[in-house]
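Have a look at the structure below before the remarks.
These numbers come from the heavy atoms of this one structure, side chains and all, not from hydrogens, waters or symmetry mates.
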Protein chains: 2
Amino acid sequence: MDMTDCAACPLRQCDLFTPFSDDELDFMAHFKSGELTVTKGTTILMEGSNSGQLFTILKGMAIRYKLLEDGSRQVINFAMPGDFLGLQAGVMGEMQHSVEAASDMTLCVFRREALWDVFRSHPSRAFDLTWISAVEEHFLGETIATLGQRDGLQRVSWALTRLFMRLRAVGLGTRKSVPLPFRQQDMADALGLSLVHTNKTLAELRQQKIATWSKGVLEVHDFDKLRSTGLVDENREAKRPLL
Amino acid sequence: MDMTDCAACPLRQCDLFTPFSDDELDFMAHFKSGELTVTKGTTILMEGSNSGQLFTILKGMAIRYKLLEDGSRQVINFAMPGDFLGLQAGVMGEMQHSVEAASDMTLCVFRREALWDVFRSHPSRAFDLTWISAVEEHFLGETIATLGQRDGLQRVSWALTRLFMRLRAVGLGTRKSVPLPFRQQDMADALGLSLVHTNKTLAELRQQKIATWSKGVLEVHDFDKLRSTGLVDENREAKRPLL
DNA sequence: CGCATTATTGAAATACTTCAAATACGGTGG
DNA sequence: CCACCGTATTTGAAGTATTTCAATAATGCG
């Protein structure tokens, strides 16, 4: 099988993540049951379903979202390489949101039953799982603060700043640009803004030579301006575990 | 010491929570290091701090919030009896939000080091911790959807519905009313609305004889109307673990 | 009783939405 | 390689929910 060896996993190199011990590495290789390749548009996990699998994103990006009763869609966040998918169904028995591939993707697949083994036999990795969950909570809290307290320009700047920082941290793009394969509609649904307003706000950032997002690529011309407009604080992201 | 025995803990009776096995009960009693009583207004946990303690709320309610760079405040959510506080600092090493008592409270206190014991020696309880974290994530996702997609009346109705359901589930209040010791400003900061608009929206719910929130008590006159206005679906809350 | 905090109400200002239509883009088949 | 079609982006203009400003009334605490 043409499967990336965990030992050779490029994500391990990113200093966004805490390093693996040899033991942990062994276990991950055992935990891993395969690799999945999906094309843009594929639904990876479905709200209400109880997938038998858990994933870590190796390549590509995805959209986590909820559909509301009235047909509108809320994008919860954007998932990137290194992100873990399916933990909710793993512990609660049911996904609370759907996940759709925004680009072609490669995913590391774990059997759900293996989750029990983690808790029974690898307490430090179980701890890491909870850690990952706590990190997720932290970002959701920040999102709530953004939707609740910031205006359109601040929201868009916040989102672009965070995406840029995260993508750079996993080694994507160049010094001032990163791939960003979403539609403006996705961004609008993430920020609770209308498509039209999102578009006009992006136009303003472009016109002010702060950032340009076009054809799937985000170019940041003035990072500090973008960051301060989005009210994102300067200090670097804390390390977190990778599964 | 005048401390509630875990075996006698009234929260265990609520069918919102999964039942305890005798083993689990034993462990919890061991895990518990004391009880804390605080008065309204006390800051229990502080953003950026690394508290040595974890808590389960036994009595009273609290506000989880973040202060933003520009001075505004976002209330992340309201914490009620049965909620677990401090897990973020426990695993990530630092709180990402503050927690302040909205009424006089009684808290069950756990030593932070005990968290390690849980993962090392009690895998099923460790699993529950992750479960609790996943439940938290679920609610934050729902909050994001509310702030992003719903208008003022829907937001207020959503919040009152959830609070009412949750408080009833932990045995508080009567059939149609529950204690709700927050200020309108707290609700406004939670929903991303101005105080004035929140007030006018509450006035409308009152005038329409749907719900009245006054002097720390929420009376729900037409639950189904409130629920449907807030676009909350009918199915009952899934059980979750209690720590 | 008096003071500080919280709730209430009216009116003006505005950020954002909705509607509508034009333009650009990307992929497909001829 | 070009023509075509569906999807995504862009722009203008009118409408509206919500904010902000400002002032009064009620509540609760020492």
Whole Å only: how far is the CG atom of B:Asp151 from the P atom of D:dT19? 11 Å

Side-chain atoms of A:Leu195 come closest, of C:dG26, D:dT9, D:dA22, to D:dT9

Side-chain N,O (A:Gln185) to OP1/OP2 (D:dT7) below 4.0 Å: no

Closest to the B:Gln184 side chain: D:dT18, C:dA7, C:dT18? C:dA7

Rounded to the Å, how far apart are B:Phe182 CZ and C:dA7 C1'? 18 Å

Please report the distance, rounded to the nearest Å, between CZ in A:Arg150 and C1' in C:dA15. 17 Å

Could you tell me if B:Glu136 and B:Asn77 have a donor-acceptor pair between their side chains, going purely by distance under 3.5 Å? yes

Check: B:Thr42 side chain, B:Thr39 main-chain N or O, donor-acceptor pair, under 3.5 Å: yes

Closest to the 5' end of DNA chain C, once A:Thr198 and A:Lys215 are matched to their nearest nucleotides, is A:Thr198

For the helix from C:dC1-D:dG30 to C:dG30-D:dC1, how many degrees between its two end axes (five pairs per end), to the nearest 10°? 50°

At under 4.0 Å, does any side-chain N or O of B:Arg206 touch on OP1 or OP2 of C:dT8? yes

Under 3.5 Å, is there a donor on one side chain and an acceptor on the other for B:Ser133 and A:Ser133? yes

Between atom CD in B:Glu204 and atom P in C:dT9, what is the gap in whole Å? 13 Å

Which part of the nucleic acid, if any, lies within reach of B:Gly216 when heavy atoms closer than 4.0 Å are counted: base, sugar-phosphate only, or nothing? nothing

Looking at A:Arg73, is its backbone amide N or carbonyl O close enough to the side chain of B:Gln149 to form a donor-acceptor pair, meaning the two atoms are under 3.5 Å apart? yes

Shortest side-chain distance from A:Arg183, nucleotide among C:dT8, D:dA8, D:dT10: D:dA8

Can you measure A:Leu193 atom CG to D:dT9 atom P for me and round it to whole angstrom units? 15 Å

Using a 4.0 Å heavy-atom cut-off, does B:Leu202 contact any base of the nucleic acid, only the sugar-phosphate backbone, or nothing at all? nothing

Choosing from C:dT18, C:dT9, D:dT18, which nucleotide comes nearest the side chain of B:Ala203? C:dT9

Could you give the CG-to-P distance, from B:Asp70 to D:dT20, as a whole number of Å? 11 Å

Would you mind reading off the distance between B:Asp186 atom CG and C:dT6 atom P, rounded to a whole angstrom? 8 Å

Checking B:Gln74 side chain against B:Ala190 main chain: does a donor-acceptor pair fall under 3.5 Å? yes

Please determine whether a side-chain nitrogen or oxygen atom of B:Lys200 lies at a distance below 4.0 Å from atom OP1 or OP2 of D:dT18. no

When you measure from the side chain of A:Arg166 to the backbone N and O of A:Pro81, does any donor-acceptor pair fall under 3.5 Å? yes

I want to check one thing: is the phosphate of D:dT9, taken as OP1 and OP2, less than 4.0 Å away from some side-chain N or O of A:Asn199? no

Please check if any side-chain donor atom of B:Thr201 sits under 3.5 Å from a side-chain acceptor atom of B:Thr198, or the reverse. no

For B:Phe78, which of B:Phe182, B:Phe164, B:Tyr65 qualifies under ring-ring contact (aromatic ring centres under 6.0 Å, His included)? B:Phe182

Identify which nucleotide among C:dA7, C:dC16, C:dT9 has an atom closest to any side-chain atom of A:His197, counting heavy atoms from C-beta outward. C:dC16

Which of C:dA7, D:dC21, C:dT17 is nearest the side chain of A:Ser194? It is C:dT17

In whole angstrom, what separates A:Leu153's CG from C:dT14's C1'? 16 Å

